[in-house]
Amino acid sequence: MAPEKIEIFKSLESWAKRNILVLLEPVGYCWQPQDLLPKPESRNFYNEIIELQEQNKGIPDDQMVVLVGDMITKMAQPTYHTLLNTLDGVADLSGVSLSPWAMWTRAWSAEENRHGDGAQFENNPYLAYIYFSFQERVSTISYGKNATMAERYGDMQLSKICSSIAEDERIHETAYAKIVEKLFEVDPSTTILALADMIKKRFKMPGHLMYDGKDVNIFENYSSVVDRLGIYTVRDYGDTLEYFIGRWEVDKLTDLSGDGRIAQDFLCNLPIELKRFEVIREAQRRSTTIPFSWIFGKHIQV
C-alpha cells in the first residue's frame, strides 16, 4: 500500500483508541464456552448432561447441519489473526504492540476464538475492514436466527449460546463499521473503490473451502440449507448491502474521483438487482436431498 495510505492509519490511532478500543469488554468479564455448559466438577454433571441431550433431541437435522457448518466456518479464526498481521499500517509486528489497531486485533481474535472460530486482502486494510464489517453482520444475523430456532424447538441452552455469540458479533460489526465510516470520511475515493472491489469478489465466507472428505460441494450444499431455513438468504445479503450503503452514506458522497463515481453508481444500484435476482432464483429453485456426513449420512433437503 502507498506510504500516504499507511500514514492515514497512523494518523487515526488516537481516534481508534477513543472509538474502537472502548467497545472491548474487560477480560475478566468475558464469557467462555464452559460458562454455558455443565461443569465436570459438579455433583450433578451427569444429570445435567442428560438434560442437555434431552433438550437437544428436538433440534431438526437440517438445523444441526447449519450449526455444524457455522462452527467449521469459525475454525478459520487463527488464520484471520495471522492475516490481519500482514496488513500495511495496522500490523502487530511484535505481538505486543500498543498500537490500537494491534490491540483490537488481539482482543477480537480472542473473542472470536471462543465461538469455535480466505479472503484475499492484498495487505490492504481498506479491503479487510470492509470485509469484516459484512462478515460480522452476517454472523450476527445468522446466530440470532439460530438462537430463535433453537428456542422454538425447546433447546434453551443452545439458544443462549447462539445469542451470546450473536451479541459478540454485533459489537465486532459496530467496531469494523465505525472504522470504515471513518475511512469514508478521510479518504472517500479509496474506500468506495475498496467496497466495490470486495462486492465484486462476492464476499466469500471463510468456510467456502470446507471439505468433509466425501462431498466436494459441501459448502454449496450447506449454504443451500442455510438459505432454505431462512438463516441467511440472498435477500438478507441485499438488505445487508443496503444497510451499509445507508450507514456509510455511500449515495451522498461527493468529491470522488472518476472511478469513485462509477463505483458509487454500481453500489447504489446493486440492491435493486439483488432483489430481482432473488425473485428469479426462487422461481427456479429445485428441491433435492443429499446425505451429510456431519449427521451420520442422513439425507437433508437442499
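Each residue takes its place number in the sequence, starting with 1.
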(request) Test Gln34 against Lys39 for side-chain contact (heavy atoms from CB on, under 4.5 Å), laying out the working first. (result) CA-CA 7 Å; Gln34 61 266 29; Lys39 294 177 171 51; over 6 Å; no

(message) Strictly below 4.0 Å, N to O, side chains only: are Glu173 and Arg170 in salt-bridge contact?
(response) no

(message) Hydrogens and angles aside, do Asp187 and Tyr126 bring a side-chain donor and acceptor to less than 3.5 Å of each other?
(response) yes

(request) Establish whether Leu37 and Phe45 are linked, either directly or via other cluster members, by ILVMFWY side-chain heavy-atom contacts under 4.5 Å. (result) no

(message) For residues Met156 and Ile50: do they belong to one hydrophobic cluster (side chain heavy atoms under 4.5 Å, members Ile, Leu, Val, Met, Phe, Trp, Tyr)?
(response) no

(request) Quick one: closest heavy-atom pair of Pro38 and Glu48, and the distance? (result) CB-OE1, 3.4 Å

(request) State, with a plain yes or no, whether a side-chain heavy atom of Val225 is found less than 4.5 Å away from one of Gln63. (result) no

(request) Could you tell me how the ring of Trp248 sits relative to the ring of Phe244: parallel (under 30°), tilted (30 to 60°) or perpendicular (over 60°)? (result) parallel

(request) Check whether any side-chain heavy atom of Glu273 sits under 4.5 Å from a side-chain heavy atom of Phe266, and report yes or no. (result) no

(message) For Lys5, is the NZ atom crowded, meaning more than 12 foreign heavy atoms sit under 6.0 Å from it?
(response) yes

(request) Before giving the answer on side-chain contact (heavy atoms from CB on, under 4.5 Å), spell out for Glu13 and Ser99 the whole-Å C-alpha distance, their side-chain angles and the decisive distance to 0.1 Å. (result) CA-CA 7 Å; Glu13 287 189 354; Ser99 155; 3.7 Å; yes

(message) Are there over 12 heavy-atom neighbours, none belonging to Arg228, within less than 6.0 Å of that residue's CZ?
(response) yes

(message) Taking Ile6's backbone N and O only, do any of them form a donor-acceptor pair with Asp88's side chain (distance below 3.5 Å, no angle check)?
(response) no

(message) Let me confirm one number: the OG-CG distance from Ser42 to Asn44, rounded to the nearest 0.5 Å.
(response) 4.5 Å

(message) If hydrophobic clusters are built by linking Ile, Leu, Val, Met, Phe, Trp and Tyr wherever their side-chain heavy atoms come under 4.5 Å apart, do Ile245 and Tyr243 end up in the same one?
(response) yes

(message) Taking the basic N atoms (NZ, or NE/NH1/NH2) and the acidic carboxylate oxygens, is any pair closer than 4.0 Å for Glu185 and Lys182?
(response) yes

(message) Applying a strict under-4.5 Å side-chain criterion to I, L, V, M, F, W and Y, I'd like to know whether Ile295 and Val226 cluster together.
(response) yes

(message) To the closest 0.5 Å, what do you measure between OH (Tyr237) and CZ (Arg137)?
(response) 13.5 Å

(message) Which heavy atom of Ala177 sits nearest to which heavy atom of Ser133, and what is that distance?
(response) N-OG, 3.4 Å

(request) Just say parallel, tilted or perpendicular for the rings of Trp15 and Trp101, cut-offs at 30° and 60°. (result) tilted

(request) State whether the side chain of Asp212 and the backbone N or O of Asp215 hold a donor-acceptor pair below 3.5 Å, judged by distance alone. (result) yes

(message) Closer than 3.5 angstrom, by distance alone: can the side chain of Thr289 be matched with the main-chain N or O of Gln301 as a donor-acceptor pair?
(response) no

(message) Taking Phe184 as the starting point, is it possible to reach Val186 by hopping between hydrophobic residues whose side chains are less than 4.5 Å apart?
(response) yes

(message) Using salt bridge (charged side-chain N to carboxylate O under 4.0 Å, His left out), reason through Lys57 and Asp155 one step at a time and then give a plain yes or no.
(response) CA-CA 8 Å; Lys57 283 181 179 179; Asp155 195 334; over 6 Å; no

(message) Distance check, rounded to the nearest 0.5 Å: Leu36 atom CG versus Leu52 atom CG?
(response) 10.5 Å

(message) Do Phe134 and Leu195 make a side-chain contact, defined as non-hydrogen atoms from C-beta onward lying under 4.5 Å apart?
(response) yes

(message) I need the Glu249 CD to Thr254 OG1 distance, nearest 0.5 Å.
(response) 11.0 Å

(message) side chain to side chain donor-acceptor pair (under 3.5 Å) for Ser224 and Asp227? Distances and angles first, verdict last.
(response) CA-CA 5 Å; Ser224 293; Asp227 180 82; over 6 Å; no

(message) For a quick test of reading the model, state the closest non-hydrogen atom pair linking Arg261 to Leu256 and the distance between them.
(response) NH1-O, 2.9 Å

(request) Tell me whether the centres of the aromatic rings in Tyr176 and Trp104 are closer together than 6.0 Å. (result) yes

(request) Under the side-chain contact (heavy atoms from CB on, under 4.5 Å) rule, what do Asn124 and Leu87 come out as? Steps first, then yes or no, please. (result) CA-CA 6 Å; Asn124 187 331; Leu87 301 178; 5.7 Å; no

(request) Answer whether the closest heavy-atom distance between the side chains of Thr140 and Ile165 falls below 4.5 Å. (result) no

(message) Name the residue from Tyr222, Tyr143, Tyr232 that meets the side-chain hydrogen bond (donor to acceptor under 3.5 Å, both in side chains) definition with Asp70.
(response) Tyr222

